[in-house]
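Report on the following structure.
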Amino acid sequence: MVTAKRNPALVVIQLSGGNDAMNTVVPYTNGIYQDSRKAIGLVESEVIDINGTLGFHPSMGPIKQLWDKGNVAVINGIGYPVPNRSHFRSMDIWHTAESASIAPDGWLGRAIREIDPTHGNVITGINFGRGLPRSLHAKGVPVASVGNLGTYGLLPDIKDQQTRDMALDVFSRMYGPTDGTDAVLQAIGETGMGAYLGADILRTAPEMYSSSIEYEAEVEIAQSLRDISQVLQADLGTRVFYTLHGGYDTHAGELENHSKLWHELSTAVGDFFSDLDEHGRGDDAVVMIFSEFGRRIRDNGSGTDHGSGGAAFVIGNAVKGGFYGEYPSLELNAQVEGDMAFNNDFRSMYATLLDGWMGIDPHPILGDNYEQFDMFRR
Amino acid sequence: MTTASKTKTGHLSYNRTVGVAAMQGRGFYYPWAVSVAADGRYFVLGRGSDSDPRGTRYTVMDYDEKYYGTFGEFGTGEGQSLWNAGTAIDSQQRLYQSDEGLHRIIVRNLDGDLLNTWGEFGADEGQLNGPTGITFTANDELLIVDHQNGRIQKFTPEGEFIGSFGTPGSGDGQLNLPWGICVDSAGDIYVADWGNDRIAKFTGNGEFVANYGSSGRGEGEFDAPSSVAVDDNGYMYVADWANHRVQVLDSDGAFVDVHRGESTNSKWAQEFLDTNTEEKEARATANLEPDIEFNTDDLHEESAHIEKYFWGPTHLVFDNDGRLLVVDSNRHRLQVFDVG
Amino acid sequence: MTTTMTSEKALMAHLMRRAGFGASSEELDRLVEQGYDETVEQLLDVDRPNRMSDNLIRRYHSEYSGMMGNLSAGANWMYRMVSTDAPLREKLNLMWHGVYATGYSKLANGKVLHDQIRMFERHGMGSFKNLLIEISKDPAMLVWLDNVQNHNGAINENYGRELLELFSMGVGNYSEHDVKEAARAFTGWTIGNTEYMTMKCARDSVWPYGRLSFHFEFKADDHDDGEKEFLGHKGNFNGEDIVDIICQQPATADFLSRHIYSFFVADEAPVPEWPYKPPRDPAAIAALSNVYFESNYSIKAMLRFLFKSDFFKSEEARFQRIKGPAELVASVLRLTEEYGQPNISMNPTSQQAQFMGQWLLSPPSVEGWHWGTEWIDSGALVERVNFASERFGNIDSPGVRSVVDRILDNSDEDLPPDEVVDRALSELGITEISDNSREALIDFAKKQSEIATAEQTPRERVVNILKLVGATPEFQRA
């Protein structure tokens, strides 16, 4: 077991589509909840009780186990002023940490710049998925986007290994140092070498990895978290990991769909921490789970429409488990256009993670001071 | 099967709208075609969106918008499909669907259980290249519009090849990317000849009878018709797809009636608005039939702005009570018409 | 540096890379025969058709017809880029989309963004004044920059500001007072059913029956008809008057000229640096500005002048641009000819541009994308290289098949390594290449023949070379 102090890593899981917070952390004894959720309400016999009034969705067994260890923080009623119920715009707001105007840079991109201002490590931040979410985007900040760790790299479709090695050799020659007379060619060359080396480094991660944990096959989020575990354990200096779990836009057929999603997600998160713990690395990572918005209090007969007021999770051995913030009132006079009001600004959670976990000054990243939670054990 | 009354004059009067947009579950996501079972239920086949597999499904419902569930999946595996195109029910109440992406036919029972998948890509006899409209003859022979091959093929319900007619082209008896098909009570076959802007009529044996209509926007003219249904009096009801309207011709091809659509809120639409009251209120203040000066002569634009109009009608068929169901694809609904 | 073509053909390849999405070697031969000036005129003809008709796209791709989302609206556009006989029109649309960058996030309606691009098709090569009026009336823009919230007596400055800063003059050429006065002049310029439409945007609603397209509406009772003072002029100005005054400004001529120069001749620094950094070629900007005024603001006249100018034709201008992602994708697909017919694979294909950093119809902000070397970070480069090399390596694509046929002269025997490399470069439009890259490719061709197994055909070996040509640094540039 390695005992040297490592730099803490943040694993962000984005639930795309707007997770129904009320059917995730369920106020199952609340009469308004029961009346509003005639078609898709969860009842006492179904939920996993937490404290006699709130319960986890029935599919969240593995997360409940982490909760029982005291490692799960639930941030209730998380959101921002003047809620936006468009997927893209609201996700933009979460990505850029800017709710009043349209900003091009992401908060994690800015964080990566703070961590590694000289870009000494091209894989300080890695997105698992194709294309870069705006949260990781910042001018001049290199971030790798890995669709599949097993096949990641340049020219992956050349199947014959000898030919591919030859082709990669050509690539490194073509993108090698130039005489410097053409500044653009030089810039392309440097980036090309960065890509070549980054792919080369990442390729070592699966080779070094072995685990007794079997992540669910053919479940994308499980495979992504396994990939993240591999890179984390390879000690490549990656500090920010990012991945998506999609399908939370449950306008219809919510009972079935939401169950499947939370089964996939909580099983994967449970496996991820078991994997890290098995390798003595459970203290090195914290997982943050968020979604762009919550959903309407009242169901529509088969699902729920876009709403506001969500729930976020911060999970890890270093986390002081429990509820942060009040569960929003469902009383009619407390509702915002038929939705739960927010009572925790999401940037407070960001500030807590940056400062309390990552050890970075949140102010330049978030552009303001936000009250922080007392969420970490150290 | 068509059981339209004998007293028709081929005139359309709007009855109601059924369905609502829904990526999954109750509702439609680009509905493409509909079959009506003997028990009166509507089996609405969804095309879905290429980027989102959830719409590739059947939604089962009835005229009163009672919802019976969904089945069908996007994919290339057994029983899965990519580009749903046509649907039909045989006398044994087996449900057929064509997939013009994978060039095959999927057969299920009305509960959605998979019974059979058949079809092979190619241009030889019995092979398919883009099967679209499908229908059954009175003898339970399956007619398939093999559209990229420019022909109609006839199969047994089990998928054995019986015969074919038509060749690609624009001459008499030729077809250019045909789409929909139907059979009248006399056994004659009608094809929506999409690329030639006309309806082609053939005998049950595939001999060419006549073409109806020509390119254009006027009465009796078509722009890329997608579907045709014929009643017992021989009136032809045509989904005039790129003109975004339904036209009726008499049995000689003379113009009878035309309709742009006049959709109203379905039950399911009303339920959505009742749950989302601020949207309902804003909608109540809006003029949904604005007077707009368009900067293009593409009728696609008019239908994109005026919600009650048909927007890309892909299929039409009679239900068991003689009502004409028009699949209003881009608007995710069926407009239902009585035929006077 | 090695040149792979005659100078005449190399110039034509340069023109087609810039005014279009590149051209096959075969097409270049035909165009050289036709003549340079004649080809320029052909490119300036915006009425030439797309081989893929709207009906054909809509019949197969339901969502490219209804366009509730932006992925489908972007893919619809990709079809047009790939199949058009008026490539300059679509190329220019890409430029305008970068300048008048309007994004899906706030609109939640792919169709209205598509409508904006179609507006560029109609006005993008006409009078700049008309274009500014049209973009000011464009429904997507009116929502995107909040002019729907710009009311008589309660102005919202957003559109007025960006009109001056990003759309016409650039910072430093107007005062805060001018911004406010411009905003006043645009009060009452809104969309019909404002409340319902913007609510559908904000709620991302497809209910009950899909999206509704927006239409421009002028609300006279919400228009501030009072006197305004704008850039030294006084009057009861409305939006058209503001545009008219803007168009008379030398700053506008220079700003537009610099955009056009950057997009068609050589990458300039990003717009925010313009006030502090002189243009690469001040004389070219001055000459373009001159044409702007002489032609009464005709964009077509500016482009005609540009393509026939020495500064464009010069060797110095060759490969001085980094291909934008959508441009790169379209140029590969035009060579491979894999979309002769609609195919369900268009969605993931068109999404490749997004993976490379340019999500069509979803720019990062109203500033658009930063171009030049900023297109290429390490993640984007991996995507670019892998995409081009994978597509050039697919022998089932008709375009690749005919490229291989031409390289091998329809024979079935290996060519000498330098010969096969030079032909492959020429076929894929790379007219000059560094000696370093060329030698690496030739070494690969040699080694490949040495280790070749009996099952591998000469055609497959050519395909491997094509894949590597798609991976060259040179291919990243236009």
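Numbers restart at 1 for each chain; the letters A, B, ... are given by sequence-line order, proteins then strands. What you see is a predicted model; the values in this text were computed from it and never measured.
When heavy atoms are compared at a cutoff of 4.5 Å, C/Glu367 does not approach chain A at all. Heavy atoms of A/Asn84 lying under 4.5 Å from chain C belong to its backbone as well as its side chain. The part of A/Tyr152 that comes within reach of chain C is its side chain, from C-beta onward, which places non-hydrogen atoms under 4.5 angstrom from that chain. A/Asp182 touches chain C through its side chain: at least one heavy atom from C-beta onward sits under 4.5 Å away, while N, CA, C and O do not. In this structure, the portion of A/Arg134 lying under 4.5 Å from any heavy atom of chain C is its side chain and not its backbone. The contact between A/Val170 and chain C is made by backbone and side chain atoms together, counting heavy-atom distances below 4.5 Å. No part of C/Leu107 comes within reach of chain A, as not one of its non-hydrogen atoms sits under 4.5 angstrom from that chain. The contact between A/His251 and chain C is made entirely by side chain atoms (from C-beta outward), counting heavy-atom distances below 4.5 Å. Residue A/Asp169 touches chain C through its side chain alone, counting heavy-atom pairs closer than 4.5 Å. A/Gln162 touches chain C through its side chain: at least one heavy atom from C-beta onward sits under 4.5 Å away, while N, CA, C and O do not. For a residue to count as touching a neighbouring chain, one of its non-hydrogen atoms must lie under 4.5 Å from one of that chain's; by this rule A/Ala103 touches chain C with the backbone only. Looking at C/Trp144, the atoms closer than 4.5 Å to chain A (heavy atoms on both sides) all sit in the side chain, from C-beta outward. Only the side chain of C/Asn70 comes within less than 4.5 Å of a heavy atom in chain A; its backbone stays farther off. Only the side chain of C/Arg477 comes within contact range of chain A, with at least one heavy atom under 4.5 Å from a heavy atom of that chain. For chain A, the nearby part of C/Asp443 is the side chain; its heavy atoms alone come within less than 4.5 Å.
Between C/Asp204 and A/Arg85, the shortest heavy-atom distance links the atoms CB-O, 3.9 Å. Of all the heavy atoms in C/Val385 and A/Phe171, the pair that sits closest is CG2-CE1, 3.9 Å. Shown here for C/Leu381 and A/Ile188, the closest heavy-atom pair between the two residues is CD2-O, 4.3 Å.
For the atom pair A/Tyr196 OH and C/Ser378 OG, the distance stands at 15.0 Å (nearest 0.5 Å). Separating the OG1 atom in A/Thr163 from the CZ atom in C/Phe444 is a distance of 6.0 Å, to the nearest 0.5 Å. Atom CG of residue A/Leu132 and atom CE of residue C/Met356 lie 14.5 Å apart, to the nearest 0.5 angstrom. Separating the CD atom in C/Gln456 from the CG atom in A/Asp160 is a distance of 8.0 Å, to the nearest 0.5 Å. Atoms CG and CD1, on C/Leu468 and A/Ile158 in that order, are 5.5 Å from each other to the nearest 0.5 Å. Note that OG of C/Ser205 and CG of A/Asp305 are 8.0 Å apart. Values are rounded to the nearest 0.5 Å.
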- Message: Does A/Arg130 form a side chain to side chain donor-acceptor pair (under 3.5 Å) with C/Gln354? I'd like the steps, not just the answer.
- Response: CA-CA 9 Å; A/Arg130 298 285 293 281; C/Gln354 173 192 342; over 6 Å; no
- Query: How far apart are the C-alpha atoms of A/Met166 and C/Ile451, what are their side-chain angles, what is the distance that settles it, and do they pass the side-chain contact (heavy atoms from CB on, under 4.5 Å) test?
  - Reply: CA-CA 11 Å; A/Met166 280 161 49; C/Ile451 63 157; 3.8 Å; yes
- List the steps and the verdict of side-chain contact (heavy atoms from CB on, under 4.5 Å) for C/Thr373 and A/Val184. CA-CA 7 Å; C/Thr373 48; A/Val184 174; 4.1 Å; yes
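The closest donor-acceptor contact from the side chain of C/Arg203 to the backbone of A/His306 lies under 3.5 Å. C/Asn436 places a side-chain N or O within 3.5 Å of a backbone atom of A/Arg173 that can act as its donor or acceptor partner. Between the side chain of A/Ser86 and the backbone N or O of C/Ser105, at least one donor-acceptor pair lies under 3.5 Å. The main-chain N or O of A/Gly153 is found under 3.5 Å from a side-chain atom of C/Asn386 such that the two form a donor-acceptor pair.
Among C/Ala202, C/Ser362, C/Ala380, C/Pro363, the residue with the largest count of heavy-atom pairs under 4.5 Å with chain A is C/Ala202. Taking C/Asn464, C/Thr472, C/Val382, C/Asp377 one by one and counting their heavy-atom pairs under 4.5 Å with chain A, the maximum is reached by C/Thr472. Here C/Glu374 is the residue among C/Glu374, C/Lys106, C/Lys200, C/Gln476 with the most heavy-atom pairs under 4.5 Å with chain A. Ranking A/Gly176, A/Ser101, A/Pro156 against chain C, the residue ahead of the rest is A/Pro156, based on heavy-atom pairs under 4.5 Å. The candidate with the highest count of non-hydrogen atom pairs below 4.5 Å against chain C, out of A/Gly194, A/Ala167, A/Gly189, is A/Ala167. Taking chain C as the reference chain and counting heavy-atom pairs below 4.5 Å, the highest number among A/Val146, A/Leu185, A/Val122, A/Asn127 is found for A/Leu185.
Within a 6.0 Å sphere centred on CD of A/Gln186, heavy atoms belonging to other residues, nucleotides or ligands number more than 12.
The shortest side-chain heavy-atom distance between C/Ser365 and A/Ile102 falls under the 4.5 Å cut-off. Counting heavy atoms from C-beta outward, A/Met174 and C/Leu441 have side chains that approach closer than 4.5 Å.
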